Every structure is written in structure tokens, then in C-alpha cells.
Amino acid sequence: MSLKFTQDVTNARILSVGAYRPPRVVPNSEIIQRIDSTDEWIQQRTGIQTRHFADADESLIDMAEKSALIAIERAGMTAQDIDAVIFATISYPYQAPSAATELLVRLGNVKAAAFDISAACAGFCYGVALANDLVRNKTAKNVLVMGAEKLSDFTDPEDRATAFIFADGAGAVVIGPSQDIGIGPTVWGASAETREAIVLEPSFLEFKKNPGNADIGWPNIIQQGQTVFRWAVYEIAPIALRTLEAAGLTPETLEVFIPHQANDRIIESLVKSMKLPESVVVAHDIRTSGNTSSASIPLAMDALLAEKPELHGKSALLVGFGAGLVYAGQVVELPSRPVQKSN
Ligand code: UT7
């Protein structure tokens with residue numbers, strides 16, 4: 001039997017981006033006392049100078065809501081125009097209901113399709129891939145893709161391997177129909193044999209089952225830094241080049257590079273391995289935002305556009321990679337300048 005319907009497709013693009021960083025700026029000097037480190041070591045090994053931490057009473061959803069409202073307004077829309085929400089996060093402490101449905105309630109639009117995805121630092125690019133397909137196939141018209149993390153809740157401030165890296169923040173984009181192709185093919189996959197390299201341990205189940213056991217602490221990120229570093233440096237550059245090629249671009253014709261903000265040394269190494277010319281503008285938001293996992297790419301995109309408004313509408317290569325290990329990349333056309341409100 002063949003189904004009887006016509007498949008009508010359209011193009012999609014990122015219409016707007018919004019970002020939220022919690023107000024509390026945390027310098028390295030505040031981190032180092034508990035991990036026997038120095039400001040110099042952190043800056044030299046990661047590029048991080050400061051990061052933002054949310055206060056105890058500021059939740060992941062609070063941050064997500066603020067960035068979503070900015071993105072929606074910049075698209076010239078209201079929350080009622082959004083008909084699907086894809087929420088990428090690894091720091092929402094509930095299995096159900098999803099962070100996406102909590103966000104819908106905050107936005108006052110409880111009818112849109114809504115779901116979470118767990119792809120860690122690749123989560124935002126996974127979300128862009130899904131949103132592109134939803135819009136292209138007219139399953140949804142305007143999709144809000146969120147990347148939000150409150151990693152300070154899941155980082156042990158005494159863990160020398162992670163305490164200086166992870167941070168909090170939220171970034172969102174609205175993806176909607178477009179005349180031209182604004183999102184290129186996604187190149188994605190996993191290196192699941194290395195799934196032990198970044199884990200959240202113990203599990204909530206172990207934590208719940210062993211309330212009195214001091215060895216079973218609250219779940220925190222545990223990372224084999226060097227394993228992940230090597231993987232990122234050697235495996236991601238060829239993937240990024242494949243992503244460029246899939247979009248019909250070369251290092252010479254690319255305009256902007258926004259990789260996951262994991263470590264400035266990884267970013268520099270990718271730029272070198274890919275032989276990106278100096279004309280390509282590279283995001284280094286890690287220096288003042290730290291590593292915010294799924295939020296890092298939209299935060300970096302927003303910061304670049306604020307700093308260099310002339311980049312609106314330019315081609316940007318996005319590449320996310322992290323726990324799984326998983327990765328995803330696509331070339332996008334950066335959003336046009338925000339719609340100006342007339343009085
Ligand atoms: O976003 C998800 C994906 N995550 C990533 O992409 C993270 C990838 N990994 C990294 O960014 C890096 O591995 C880190 C920044 C986490 C660590 O940098 P590293 O250069 O790999 O450090 P290391 O673990 O190899 O340690 C080098 C040295 C060691 O001393 P010796 O043996 O050379 O004397 C460590 O004991 O640095 C020492 N060290 C520290 N020193 C001061 C390790 N941690 C610290 C610290 N402060 N916090």
C-alpha cells in the first residue's frame with residue numbers, strides 16, 4: 001500500500017539567536033584555592049579567564065526562558081509562533097516531564113511539540129539538524145532550539161580535572177522557513193567505544209539507593225581530559241572539513257568558524273589542522289564563558305554577532321563534540337540583523 005499525500009518541502013534557516021549568561025562572573029582566582037591550581041595554568045591550558053555561575057535559586061529553566069524570549073523577539077515573533085521546542089541539555093535533573101515542556105509553560109505556549117535531547121556538547125548541533133528537517137518537511141514551521149546548562153550543579157568544585165572548565169548559560173535559536181538554503185547538510189556520528197571518557201557519576205539511582213554512604217556523592221561530571229583532548233584534536237578536524245565540503249565550501253570560502261567552546265587549545269588546533277585562512281573569524285567565547293556544553297555554540301554565536309554585527313548573514317561552520325563521545329556539524333547562514341520594532 002502506498003500512502004496518498006504530497007511531500008511538499010521548503011528551505012530552512014536560523015532566523016535569530018538569543019543568549020543569557022548569569023550575572024555572577026567567576027574569575028579563576030575563585031576556583032583555584034580548592035584545586036591547588038593557578039590562574040596562569042588555567043589560562044595557558046584552556047584559555048579561560050572568567051566564567052558565569054548561576055546563583056542557587058536560578059534554575060536551568062530560568063536561564064533558558066531568558067535566552068528563548070530574546071531569540072523569539074529578535075525573530076519578530078511571539079511565543080505563540082513557535083510550534084516545536086527542541087531542548088538540548090545534560091544538566092536538567094528530571095527524566096520527566098521534559099525541560100522543553102517546562103519551558104513551554106514559562107513561554108505561555110503550552111501547545112507546541114516539545115522534547116529534550118541528550119547529546120552533551122554536540123546537543124545544540126543535533127538540535128539544529130532535527131529542526132532543519134522538521135521545517136524542511138513542514139512538520140513544524142518555527143522551531144526553537146535551546147542549548148542550556150547549569151553545570152555548576154554537576155561539577156565538583158574540588159575536582160582538579162573539571163572544576164575550572166564547566167560553567168552555566170543558555171542560548172537559543174529560532175529556525176524557520178526560508179527562500180534559500182540556510183542550513184547545510186549535517187555530518188554527525190559517535191565514537192561510542194570511548195563513552196567512558198566523560199560521565200556523570202554516580203547515577204541518580206545509585207545516589208538514591210545509598211543515602212547514607214559518603215562515598216556515593218551527588219552526580220558530577222568526571223572527565224578523562226587527555227583522552228577527550230586527543231580525540232577532539234585528531235578526529236574533529238577531518239569531520240569539520242567533511243562538513244564544509246558537504247555544504248560546497250572550502251576553508252578559503254568559509255567566513256566564520258564557531259566550534260564547541262571546550263578549550264581554546266582545541267580550537268586553535270582545529271584551525272591549524274583545517275588550514276583555515278586568517279580571513280575566517282573564529283569564536284573564542286570560552287575565554288569569558290568557560291565550557292557550557294550544549295549552550296556554548298549559541299552563546300558564542302550571539303557574542304560574535306554582538307561584537308561584529310557585519311557577520312550577520314555570513315556562512316558559519318558549527319561543530320559540536322563531547323560526551324558519548326558524539327559529534328555533529330553543519331554550515332549555517334548566520335541570522336540577519338534582528339527585526340527592528342516599529343513604535
Ligand atoms: O566539552 C566536552 C569535551 N571536553 C573537552 O573537550 C575537554 C578536553 N580536555 C581538556 O581540555 C584538557 O585535557 C584539560 C584542560 C581538561 C586538562 O589539560 P591537560 O593539558 O590535558 O592537562 P593534564 O591532565 O595532561 O595535566 C598536565 C599537568 C599535570 O602535571 P605534570 O604531571 O605534567 O607535572 C597535572 O598534574 O597539569 C597538572 N594539572 C594541573 N595543574 C594545575 C592537572 N590539572 C591541574 C590543575 N591545575 N587544575
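Atoms within each ligand, like the ligands themselves, are counted from 1 in listed order. Bear in mind that the values here come from a model prediction, so they are computed numbers and not experimental data.
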Problem - Candidate with minimal heavy-atom separation from atom 15 (C) of ligand 1, of Asp159, Thr46, Ile286 - result: Thr46
Fill in the blank from the handout: If you scan protein heavy atoms around atom 9 (N) of ligand 1, the nearest is Gly225 O, 3.0 Å
Problem - Test applied, side-chain contact (heavy atoms from CB on, under 4.5 Å); reference residue, Met301; option that passes from Val17, Asp285, Val256 - result: Val17
Exercise for the section: Taking only heavy atoms of Arg265 into account, list the atoms of ligand 1 that are under 4.0 Å away from them. Expected result: 20 (O)
Exercise for the section: Fit a plane to each ring of Phe207 and Trp218, take the angle between them on a 0 to 90° scale, and name the class: parallel (under 30°), tilted (30 to 60°) or perpendicular (over 60°). Expected result: perpendicular
Exercise for the section: Would you kindly say whether Asn210 and Glu206 are connected by a side-chain donor-acceptor distance under 3.5 Å? Expected result: no
Practice task
For the residue pair Thr155 and Ser152, confirm or rule out a side-chain donor-acceptor distance under 3.5 Å.
Solution key: no
Exercise for the section: Output the distance between atom CZ (Phe124) and atom CE (Met146), rounded to the nearest 0.5 Å. Expected result: 9.0 Å
Practice task
Kindly state if atom 31 (P) of ligand 1 has a protein heavy atom within a strict 4.0 Å cut-off, that is, under 4.0 Å?
Solution key: no
Practice task
Quick one: look up the protein heavy atom nearest atom 11 (O) of ligand 1 and list residue, atom name and how far away it is.
Solution key: Asn263 ND2, 2.7 Å
Practice task
Determine the minimum heavy-atom distance between Leu317 and Leu244, stating which atoms define it.
Solution key: CD2-CG, 4.1 Å
Fill in the blank from the handout: Residue, atom and distance of the protein heavy atom nearest atom 6 (O) of ligand 1 read Ala262 CB, 3.3 Å
Exercise for the section: Indicate yes or no: does an N/O atom of Trp41 lie under 3.5 Å from an N/O atom of ligand 1? Expected result: yes
Practice task
Kindly check if the number of other-residue, nucleotide or ligand heavy atoms within 6.0 Å of CD (Gln95) is above 12?
Solution key: no
Problem - Residue-ligand contact Cys121/ligand 1, heavy atom below 4.0 Å - result: yes
Handout entry: Nearest non-hydrogen protein atom, atom 47 (N) of ligand 1
Key = Ser37 OG, 2.6 Å
Exercise for the section: Indicate the atoms forming the closest heavy-atom contact of Pro22 with Glu58, along with that distance. Expected result: CB-OE1, 3.5 Å
Practice task
Check the surroundings of atom CD in Gln179: do more than 12 heavy atoms from other residues, nucleotides or ligands lie under 6.0 Å from it?
Solution key: no
Exercise for the section: Report the nearest protein non-hydrogen atom to atom 48 (N) of ligand 1: residue, atom name, distance rounded to 0.1 Å. Expected result: Arg160 O, 3.0 Å
Handout entry: Ligand-residue contact atoms, ligand 1 with His260, heavy atoms, under 4.0 Å
Key = 1 (O), 2 (C)
Exercise for the section: Take every heavy atom of Ile198, measure it against each atom of ligand 1, and state whether any distance is under 4.0 Å. Expected result: yes
Handout entry: Side chains of Ser289 and Thr292, donor plus acceptor under 3.5 Å
Key = no
Practice task
Quick one: look at Ile165 and ligand 1, take heavy-atom pairs under 4.0 Å, and tell me if it's side chain, backbone, both or neither.
Solution key: side chain
Completion exercise
Quick note on ligand 1: atoms under 4.0 Å from a heavy atom of Ile266 include exactly 6 (O), 8 (C)
Exercise for the section: Please check if a non-hydrogen protein atom sits closer than 4.0 Å to atom 4 (N) of ligand 1. Expected result: yes
Practice task
Describe, in one word, how the ring planes of Tyr126 and Trp188 are oriented to each other, choosing from parallel (under 30°), tilted (30 to 60°) and perpendicular (over 60°).
Solution key: tilted
Practice task
Show which atoms of ligand 1 fall inside a sub-4.0 Å distance from at least one heavy-atom site of Asn291.
Solution key: 1 (O), 2 (C)
Completion exercise
Which of Thr288, Ile286, Asn28, Leu151 passes side-chain contact (heavy atoms from CB on, under 4.5 Å) with Arg51? It is Asn28
Completion exercise
In this structure, atom 20 (O) of ligand 1 is nearest to the protein heavy atom Arg45 NH1, 2.7 Å
Exercise for the section: Mark whether atom 36 (O) of ligand 1 lies under 4.0 angstrom from at least one protein heavy atom. Expected result: yes
Practice task
Answer whether the closest heavy-atom distance between the side chains of Ile267 and His284 falls below 4.5 Å.
Solution key: yes
Problem - For atom 25 (O) of ligand 1, the protein heavy atom that lies nearest, with its residue and separation - result: Gln226 NE2, 2.3 Å
Problem - Under-4.0 Å heavy-atom contact with ligand 1, by part of Thr162 that carries it - result: neither
Practice task
Establish whether atom 39 (N) of ligand 1 and some protein heavy atom are separated by less than 4.0 angstrom.
Solution key: yes
Completion exercise
Within 4.0 Å of some non-hydrogen atom of Phe164, the atoms of ligand 1 are 15 (C), 48 (N)
